There are 2 protein chains.
Amino acid sequence: MSHTCGIREARKRKSRRALLDAALGLLEDQSLSSLGLRELTRVVGMAPAAFYRHFRDMADLGVALVEESLGSLQGMIRAILAERDGDEERIDAVMEAVAEHVRRHPTHIRFIARERHGGVRPVREAIGAELGLLVDEVAAAFAPRLTPAGWPPEDVRMLAELYVDRMVTTATAFMEAQEDERERERIADTARKQLLLISLGRRHWRDA
Amino acid sequence: MSHTCGIREARKRKSRRALLDAALGLLEDQSLSSLGLRELTRVVGMAPAAFYRHFRDMADLGVALVEESLGSLQGMIRAILAERDGDEERIDAVMEAVAEHVRRHPTHIRFIARERHGGVRPVREAIGAELGLLVDEVAAAFAPRLTPAGWPPEDVRMLAELYVDRMVTTATAFMEAQEDERERERIADTARKQLLLISLGRRHWRDA
DNA sequence: CATTCCAGTAAACAGGTGTTCGCCGACCTT
DNA sequence: AAGGTCGGCGAACACCTGTTTACTGGAATG
């Protein structure tokens with residue numbers, strides 16, 4: 001362990017990254033269940049057999065993509081909600097963050113949208129689990145205010161689901177708008193209104 | 001045209017139906033872009049070439065499935081919203097109808113959920129267009145009350161999108177619950193609350 | 001009744017697929 | 001400097017793919 005340079009591990013990481021990136025590229029106009037192993041390795045420029053050094057199968061690669069796509073989002077949302085107070089500020093900040101995230105990682109978002117109900121069970125379940133954690137995060141952010149006001153935990157969660165689902169839908173819409181900046185702004189405006197309307201409903205909930 | 005029995009057309013319709021049904025079955029655990037022509041005709045029991053007598057390609061079959069899956073829904077929603085008045089009644093009636101529809105056509109719903117953002121562009125666009133018409137329908141049902149109250153058309157539409165999106169999400173959740181009746185009831189309860197919360201937000205919208 | 005029509009067939013084409021095998025050779029260890 | 005580790009390679013395995021071709025036989029036509 002004296003003159004270890006980590007060259008070996010670095011090369012392996014690089015190959016793995018190349019596979020993931022090539023997959024994200026190919027998945028722009030097809031779904032995971034139709035993505036071929038040879039098709040993928042051909043794009044990367046490696047032998048088909050080399051794939052197995054990194055992933056058991058395509059589903060395995062898909063799960064890795066899910067973690068990489070949704071893993072960072074959780075902390076991001078938590079930070080935003082913790083720092084801000086008041087609905088409008090929170091909504092504006094989240095919208096900004098989501099828009100920026102989609103702008104930076106469009107292929108990841110496309111992948112999530114496509115495979116959320118896609119044909120590969122392990123991937124579907126991984127996405128479901130990850131989005132569930134996001135709902136928990138949002139629920140936890142609202143609980144301190146709502147629980148004392150008499151909200152049962154299940155109602156807090158149903159609210160959080162509403163928020164998260166809208167975020168996901170909006171992110172998908174952003175992605176589909178591609179480069180069209182006018183369209184993106186229109187989507188953002190609509191989404192802000194929708195989140196605001198939900199927040200309005202939340203404030204009058206206990207009266208019903 | 002004297003002794004025409006329509007036997008010919010009837011046989012063709014039957015074959016076409018067999019293809020569509022077999023496709024719905026195979027699409028339960030894969031997506032359209034990975035569904036093979038031979039795989040499909042093998043299940044039906046016909047020669048691969050016979051497929052071309054009915055559809056140009058798989059995308060064409062997919063679009064046909066979209067129309068059959070979503071075509072009837074439009075009129076259904078219109079009728080329900082026209083007959084009822086008051087949020088809770090409307091919500092209960094729609095939830096009942098959606099639950100029943102999913103119970104009767106689970107494979108169709110799965111197909112729509114899977115291909116809504118799937119890898120086949122024409123199918124994606126067909127679903128988008130059909131859901132757009134549904135949004136129009138809902139918007140038209142609310143416009144008579146909201147427009148006189150000062151709602152601009154774009155806001156009516158953003159509300160309709162909120163409602164429709166929630167319906168689609170709920171339908172998907174119903175389908176994923178499969179046979180579990182307890183889970184279905186839980187989903188219905190949550191969805192009713194969410195729709196109610198949105199309606200609550202709607203009633204207080206003009207104040208903001 | 002002869003004829004046209006046309007859904008469905010079988011066969012062949014030119015590819016493509018996932019997976020396994022033994023092997024090489026550069027990195028890492030001792 | 002010798003030997004082990006392991007990411008990547010090339011070849012072979014058995015099989016599946018979409019599409020075109022010329023054809024058959026029962027229904028529709030006049």
Side-chain angles (χ1 to χ4, degrees), chain A residues 1-23 25-27 29-65 115 118-123, chain B residues 1-23 25-27 29-65 115 118-123:
Chain A
M1 205 185 282
S2 53
H3 47 97
T4 171
C5 314
I7 289 181
R8 191 165 195 119
E9 190 183 316
R11 273 195 189 275
K12 179 162 188 181
R13 273 182 198 281
K14 202 171 172 182
S15 293
R16 191 184 138 100
R17 191 93 288 278
L19 281 170
L20 291 170
D21 286 340
L26 289 168
L27 288 173
D29 28 37
Q30 65 182 309
S31 48
L32 188 67
S33 70
S34 72
L35 174 60
L37 181 152
R38 295 184 103 106
E39 180 186 8
L40 179 59
T41 53
R42 196 185 311 128
V43 169
V44 175
M46 53 163 67
F51 176 86
Y52 295 103
R53 302 286 183 201
H54 301 277
F55 305 101
R56 212 178 306 274
D57 49 28
M58 272 302 164
D60 195 22
L61 179 142
V63 172
L65 278 180
E115 302 303 326
V120 186
R121 168 136 29 168
V123 173
Chain B
M1 207 184 280
S2 54
H3 46 98
T4 171
C5 313
I7 289 181
R8 199 176 185 113
E9 191 182 317
R11 275 196 187 275
K12 179 160 187 181
R13 273 183 199 280
K14 203 171 172 182
S15 293
R16 191 184 139 100
R17 191 92 289 277
L19 282 170
L20 292 170
D21 287 339
L26 288 167
L27 289 173
D29 28 38
Q30 67 181 308
S31 48
L32 188 66
S33 70
S34 72
L35 174 60
L37 181 152
R38 293 184 105 103
E39 182 187 6
L40 178 59
T41 52
R42 196 183 311 128
V43 169
V44 175
M46 53 163 67
F51 176 87
Y52 295 104
R53 300 286 182 201
H54 301 275
F55 305 101
R56 212 179 304 274
D57 49 28
M58 272 302 164
D60 194 22
L61 179 143
V63 171
L65 278 179
E115 302 302 328
V120 185
R121 166 134 32 164
V123 173

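All chains are named by letter (A, B, ...) in the order of the sequence lines, taking the proteins before the strands, and each is independently numbered beginning at 1. Fair warning: this is a prediction, and the values are worked out from it, not measured in the lab.
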Exercise answer: donor-acceptor pairs, residues 54-61 of chain B side-chain atoms, under 3.5 Å, sequence neighbours excluded:
unit_1	atom_1	unit_2	atom_2	d
D57(B)	OD1	A59(B)	N	3.3
D57(B)	OD1	D60(B)	N	3.0
D60(B)	OD2	R56(B)	N	3.0

Item checked: Separation of dC27(C) P from E9(A) CD (nearest whole Å) -> 15 Å

Check: Are any side-chain N or O atoms of E115(B) and backbone N or O atoms of G62(B), one a donor and one an acceptor, separated by less than 3.5 Å?
Finding: no

Next item on the list: May I ask you to check whether over 12 heavy atoms, not counting those of R17(B), lie within 6.0 Å of atom CZ?
Entry: yes

Margin query: Short of 4.0 Å, heavy atom to strand atom, which residues of residues 10-18 of chain A count as contacting DNA chain D?
Written below: K12(A), S15(A)

Notebook entry, point to check: Which residues pass the side-chain hydrogen bond (donor to acceptor under 3.5 Å, both in side chains) test with R13(A), sequence neighbours left out?
Noted result: E9(A)

Item checked: Working for side-chain contact (heavy atoms from CB on, under 4.5 Å), residues L65(B) and L27(B) -> CA-CA 11 Å; L65(B) 278 179; L27(B) 289 173; 4.2 Å; yes

Notebook entry, point to check: Nearest-Å distance, CZ (F55(B)) to C1' (dA7(C))?
Noted result: 14 Å

Next item on the list: Going 5' to 3' through nucleotides 13-25 of chain D, assign each nucleotide B (protein heavy atom under 4.0 Å from a base atom), S (under 4.0 Å only from sugar-phosphate atoms) or - (no protein heavy atom that close).
Entry: ----SBBB-----

Notebook entry, point to check: Quick one: CG on L26(B) to CG on D21(B), what's the gap to the nearest 0.5 Å?
Noted result: 11.0 Å

Note to self: Tell me the interatomic distance from L40(B), atom CG, to dG8(C), atom P, rounded to whole angstroms.
What the structure shows: 13 Å

Note to self: Without decimals, in angstroms, what is the distance between L19(B) CG and dA7(C) P?
What the structure shows: 13 Å

Notebook entry, point to check: Which heavy-atom pair separates V63(B) from V123(B) by the least distance, and what is that distance?
Noted result: N-CG2, 3.9 Å

Please set out all donor-acceptor pairs under 3.5 angstrom arising from side-chain atoms of residues 33-49 of chain A, sequence neighbours excluded.
unit_1	atom_1	unit_2	atom_2	d
S33(A)	OG	S31(B)	OG	2.6
S33(A)	OG	S34(B)	OG	3.1
S34(A)	OG	Q30(A)	OE1	3.2
S34(A)	OG	S31(A)	O	3.0
S34(A)	OG	S33(B)	OG	3.1
E39(A)	OE1	G36(A)	N	3.0
E39(A)	OE2	Q30(A)	NE2	2.9
T41(A)	OG1	L37(A)	O	3.1
T41(A)	OG1	R38(A)	O	3.1

